[in-house]
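Let me begin by presenting the structure, written as structure tokens, before commenting on it.
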Amino acid sequence: MAIRVYDSLTRQTRPFEPRVAGRVSIYTCGVTPYDQSHVGHARPAVVWDAIRRHLMRRGYLVTFVQNFTDIDDKLIRRAAELGRPVEDLARQFILEYDRLMEQLSVMPPDFAPQVTENIDTIVAYIQRLVDGGGAYAAEGSVYFRVKSDPEYGKLSGRKLDEMLEGVRVELEPEKEYPGDFALWKAARPGEPAWPSPWGEGRPGWHIECSAMSQRYLGDTFDMHGGGMDLLFPHHENERAQSRAYLGHEAVNLWVHNGLITRGGVKMSKSLKNGITMAQLLERYSGHVLRTYLLSVHYRKPLDFEGQHLDAWQTGLERIYRLWQDVEAAPAAGAIVAADWVESLIHFEERFLAAMDDDFNTAKAFGELFDMVTAAHRGIDAGYADLAKGLARRNLLAADQVLRFLPDRTESGDGALAEVLLTRRNQARKQKNFALADALRDTLIEAGYEVLDGPEGTRIHRLPQ
RNA sequence: GGCGACGUAGCCAAGUGGUAAGGCAGGGGUCUGCAAAACCCCUAUGCCCCGGUUCGAAUCCGGGCGUCGCCUCCA
């Protein structure tokens with residue numbers, strides 16, 4: 001029953017033991033709000049949302065922090081292109097991101113710190129690194145002394161000197177060592193800048209996460225998340241800073257999600273093969289996108305192609321149909337002995353066991369589909385009340401963690417639809433099948449599913 | 001070039017020593033006026049290839065082939 005989690009640092013799946021009993025603290029790297037959000041932003045957000053919900057389901061009190069990098073080179077460049085203030089641009093895309101998260105049913109973080117609101121904390125953090133010898137000032141900037149950390153490279157699995165062979169172009173001659181990275185960048189004319197002991201400037205990219213994670217979560221916290229592409233250099237540098245600052249590890253478990261691919265190739269800025277979430281939401285509902293992101297284990301690459309999404313949506317609709325069938329069902333009464341009853345009764349423990357195993361949402365969905373089949377078997381076997389009651393309970397249990405159920409189901413009781421349905425029933429009784437079929441087509445065109453069954457005809461809409 | 005990950009049916013995808021989950025697509029049936037939905041049965045004697053360890057391997061080890069990623073902004 002213990003939760004097991006894969007740790008990128010030790011490259012092992014380890015039992016999860018929270019630092020403080022009953023509580024879990026999590027920090028994940030958020031986005032730089034300089035452009036529209038794409039699927040690559042959505043995946044970690046949705047994955048961590050499922051992880052949070054599962055930990056909560058298991059009784060933990062979760063504190064979740066996710067930052068916004070609201071000052072950096074990309075943002076400055078983009079703002080200059082558009083002739084708009086950096087903070088203005090950042091505010092716009094932060095709002096858009098938040099709205100997107102809502103559509104994906106992602107809970108807001110407990111804290112969403114922004115770099116520009118934490119400059120003092122960051123400056124103090126850097127100062128202590130300088131005082132401790134882990135960093136040095138040079139020409140108005142401050143650099144981290146990478147060689148001061150004997151374990152530098154361990155997280156991303158590389159050796160420092162090998163890494164620097166040939167490839168790196170030396171842009172900052174004031175560095176002691178080419179691998180050193182900026183904690184504080186001296187201001188260039190026209191850029192946003194803040195005062196510091198080393199002159200006007202702004203934070204480097206990596207320092208914010210060390211400073212802010214520790215500000216909001218304390219000296220050690222349980223899990224640190226982010227995309228695989230952040231392993232190096234971002235998280236490697238972050239780890240080095242935090243170790244230099246604290247004298248020990250800040251992070252218990254490093255958790256990295258796999259990347260999104262398109263036709264098997266990584267989606268990236270430089271390849272310009274990204275899809276924005278806005279584009280996707282024109283074709284698919286937030287629930288379809290969310291669950292598709294959870295249909296594959298979080299550490300595996302995920303291919304985002306329309307044909308795969310369509311296939312997934314078809315499967316999800318089967319779950320929706322069952323939900324509409326059982327949504328109003330009363331709790332199950334007397335139990336009978338049958339395979340499908342066993343399946344329905346033990347569903348939740350199997351589901352939670354899948355989630356306990358390194359948050360295996362793919363397997364959890366497999367269990368869910370099994371449960372759907374078992375429920376239908378029960379219904380077909382003549383135990384509709386029992387099967388529906390159990391299925392309802394199970395769907396709600398799974399939904400607590402995965403969040404796939406439609407917010408509300410539109411029932412087929414629209415006045416016009418009811419009239420058409422009544423007339424079709426009359427036509428069928430009179431064996432006027434041509435008219436009956438025409439009326440059915442009309443209903444289908446209006447977006448309804450028409451389900452004829454032994455207890456009469458039902459119509460409903462699938463949520464979209 | 002260095003380091004790392006992965007290779008499971010037509011497609012997507014779980015499974016890290018005990019005899020291949022699940023989804024989509026496809027075939028056959030039941031039900032139905034017909035269809036849809038649902039249910040039942042079928043669809044990988046085999047998990048990239050070749051060796052090895054083991055009573056037993058998709059799972060461990062060695063070699064090969066292939067794909068992808070990181071080393072540069074990226075979630």
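Both backbone and side-chain heavy atoms feed into the values below; hydrogens, waters and symmetry mates do not. To find a chain, count down the sequence lines: A is the first, B the second, and so on, and within it residues start at 1.
One N or O donor and one acceptor, one from the side chain of A:Asp452 and one from the base of B:A35, sit under 3.5 Å apart. For B:C6, its base never sits under 3.5 Å from the side chain of A:Arg299 at any donor and acceptor pair. A donor and an acceptor atom sit less than 3.5 Å apart, one in the side chain of A:Asp437 and one in the base of B:G33. With hydrogens and angles ignored, a donor-acceptor pair closer than 3.5 Å exists between the side chain of A:Arg428 and the base of B:G33.
Which of B:C24, B:A14, B:A35 sits closest to the side chain of A:Val296 comes down to B:A14. Between B:A13, B:G69, B:C71, one nucleotide has an atom nearer to the side chain of A:Phe232 than all others, and that is B:C71. Nearest nucleotide to the A:Arg321 side chain, out of B:C73, B:A38, B:A75: B:A38. Listed nucleotides: B:A36, B:A75, B:C73. Nearest to the side chain of A:Lys74: B:C73.
Nucleic acid contact class of A:Leu230 (heavy atoms, under 4.0 Å, all strands): sugar-phosphate only.
Ring-centre distance between A:Tyr97 and A:Phe68: below the 6.0 Å cut-off.
Because its NZ or CZ atom is both nearer than 6.0 Å to the ring centre of A:Tyr6 and within 45° of the ring axis, A:Arg299 counts as a cation-pi partner of that residue.
A:Arg77 has its CZ atom 10 Å from the P atom of B:C74, to the nearest Å. Per the geometry, CZ belonging to A:Arg158 stands 12 Å off P belonging to B:A5, to the nearest Å. The distance from atom OH of A:Tyr34 to atom P of B:A75 is 6 Å, rounded to the nearest whole Å. For the pair A:Met355 CE and B:G22 P, the interatomic distance rounds to 20 Å; values are reported in whole Å. Taking atom CZ on A:Phe369 and atom C1' on B:A14, their separation rounds to 13 Å, with Å as the unit.
Taking only side-chain nitrogens and oxygens, A:His376 never comes nearer than 4.0 Å to OP1 or OP2 of B:A38. Contact check, A:Arg318 against B:G23: a side-chain N or O comes under 4.0 Å of OP1 or OP2. Residue A:Arg377 places at least one side-chain N or O under 4.0 Å from the OP1 or OP2 atom of B:C40.
One finds a salt bridge joining A:Arg283 and A:Asp310 here, because a Lys/Arg side-chain nitrogen approaches an Asp/Glu carboxylate oxygen to under 4.0 Å. A salt bridge is absent between A:Arg461 and A:Glu449; no separation between the charged side-chain nitrogens and carboxylate oxygens falls under 4.0 Å.
Using the Watson-Crick or G-U wobble rule with both distances under 3.5 Å, B:A20 pairs with nothing in any strand shown. Both distances falling under 3.5 Å, in either a Watson-Crick or a G-U wobble arrangement, place B:C70 opposite B:G2.
Taking a centre distance below 5.5 Å and an interplanar angle below 30 degrees as the stacking criterion, A:Phe433 stacks against the six-membered base ring of B:G33.
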